[in-house]
Amino acid sequence: MPYDPTIYLGSAAHYRYGRPAYSPELEAVLTQRTGLDGNGRLLDVGCGPGVLTVRLAHLFTEAVGLDPDAGMLAEGRRAAEEKRVMNIRWVHGLAEDLPAVAPGPYRLVTFGQSFYWTDEQHVAETVYDMLEPVAGRPGPADPGVPPIPHDEIKALVEKYLGSSRRAGQGTAPERTHRFEDVLARTRFGVPQQFFVPGIPDLLRDSESVLSGYFSFSFAAPHLFGDRLDDFAGEVRALLAKRSAEGIFWDWPGDTEVVMARKPG
């Protein structure tokens, strides 16, 4: 809808005191689920009097509060000064004015309760281009033993079974879509996605590593036919070269949870 400058006329002074606060766990959950580390920039779109901007600014190098209402921005500045938050830049403008009024890149972009006032699809696409790509979740430091030589084992699998990824009597289909996208098109709607910390010091012996590969559809024992023992022997020999004790560090990563709910 076209912006009407009278939408919140006279409301700015009441907003911070009249609206219920966001969850006190918000910062902790955002930090855990998005990997915030004190770096990067935050853009709070439709920031109003800076409720989110001021609360989240300390998690970033710089925060930008964007709002078309000058009165709201004035309240945001006042709140930041009271709390001595000095790393916020306040920008007068519409979400539809992005990226010109507040160029990226940004680590995180928030819309407290403002997204529905915008040209939603256009703004979402614009913000997409302004965000930094999400880097892979960092792995922990190794616990002092060799990692599993996955690349070399996979090369052995390819040596025996060919470059096509096998599955049963055929090849595995190439997946070009995400589970989240499928669920979002159903009555479940957009699912919740989060990570649960993995095991940082998981140790496995050589036979466990070999069994791990045999547990995959692309390296199931039946695929090797009468060459199964030859393959297993080469893997064992490789592992013996990489670790005299036959012990390896495994980092399967954090556990990703995609949760879809049926509304009550």
Side-chain angles (χ1 to χ4, degrees), residues 1-5 7-8 12 15 19 22-23 25-70 72-73 75-77 79-80 85 87-138 176-185 188-195 256 258-260:
M1 59 183 295
Y3 175 63
D4 179 349
I7 292 175
Y8 289 108
Y15 204 103
R19 294 287 186 102
Y22 292 105
S23 168
E25 300 179 20
L26 179 61
E27 292 89 338
V29 172
L30 284 177
T31 297
Q32 177 187 6
R33 297 195 178 179
T34 63
L36 299 180
D37 56 6
N39 297 308
R41 302 168 71 219
L42 164 72
L43 173 62
D44 187 16
V45 182
C47 65
V51 174
L52 273 180
T53 329
V54 174
R55 275 190 60 173
L56 301 181
H58 72 282
L59 301 174
F60 301 87
T61 303
E62 180 190 44
V64 176
L66 174 71
D67 202 274
D69 189 307
M72 291 287 189
L73 293 175
E75 285 295 320
R77 289 191 188 94
V85 179
N87 66 331
I88 302 175
R89 182 165 63 91
W90 304 96
V91 177
H92 186 253
L94 295 165
E96 290 77 10
D97 296 332
L98 293 169
V101 292
Y106 293 97
R107 184 82 173 271
L108 180 71
V109 177
T110 54
F111 294 78
Q113 297 180 57
S114 61
F115 189 57
Y116 69 98
W117 288 114
T118 72
D119 182 348
E120 296 175 353
Q121 184 168 346
H122 169 74
V123 169
E125 290 289 352
T126 299
V127 165
Y128 184 92
D129 291 330
M130 298 171 66
L131 281 166
E132 297 174 351
V134 178
R137 295 175 65 80
T176 59
H177 57 277
R178 306 183 310 156
F179 301 120
E180 299 95 307
D181 298 330
V182 175
L183 290 167
R185 294 193 294 269
F188 281 110
V190 178
Q192 183 182 16
Q193 180 185 20
F194 55 93
F195 291 85
E256 180 182 5
V258 178
M259 180 182 295

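Position 1 is the first residue of the sequence; numbering continues from there.
- For the pair Y106 (side chain) and P103 (backbone), a donor-acceptor distance under 3.5 Å is present.
- Side-chain contact between P99 and T126 is present, with at least one heavy-atom pair separated by less than 4.5 Å.
- Contact annotation: the side chain of V45 never approaches that of F115 to less than 4.5 Å [non-hydrogen atoms, C-beta and beyond].
- Side-chain contact between E75 and Y15 is absent, with no heavy-atom pair separated by less than 4.5 Å.
- Surrounding CZ of F179 are at most 12 heavy atoms belonging to other residues, nucleotides or ligands under 6.0 Å away.
- Between P191 and E180 there is a side-chain heavy-atom pair separated by less than 4.5 Å.
- Looking only at side-chain heavy atoms (C-beta outward), T110 and L56 come within less than 4.5 Å of each other.
- Rounding to the nearest 0.5 Å places CG of L131 at 7.5 Å from CG of L108.
- Residues V123 and E96 meet the side-chain proximity criterion, which asks for heavy atoms closer than 4.5 Å.
- D44 has no carboxylate O lying under 4.0 Å from a charged side-chain N of R55, or vice versa, which leaves the two without a salt bridge.
- Counting heavy atoms from C-beta outward, R107 and L36 have side chains that approach closer than 4.5 Å.
- Within the 3.5 Å criterion, the main-chain N or O of F111 finds no donor-acceptor partner in the side chain of S114.
- In this structure, R41 is not positioned above the aromatic face of F60 in the sense of NZ or CZ being under 6.0 Å from the six-membered ring centre and within 45° of the axis.
- Proximity of Q193 to M259: side-chain heavy atoms (C-beta onward) are nowhere separated by under 4.5 Å.
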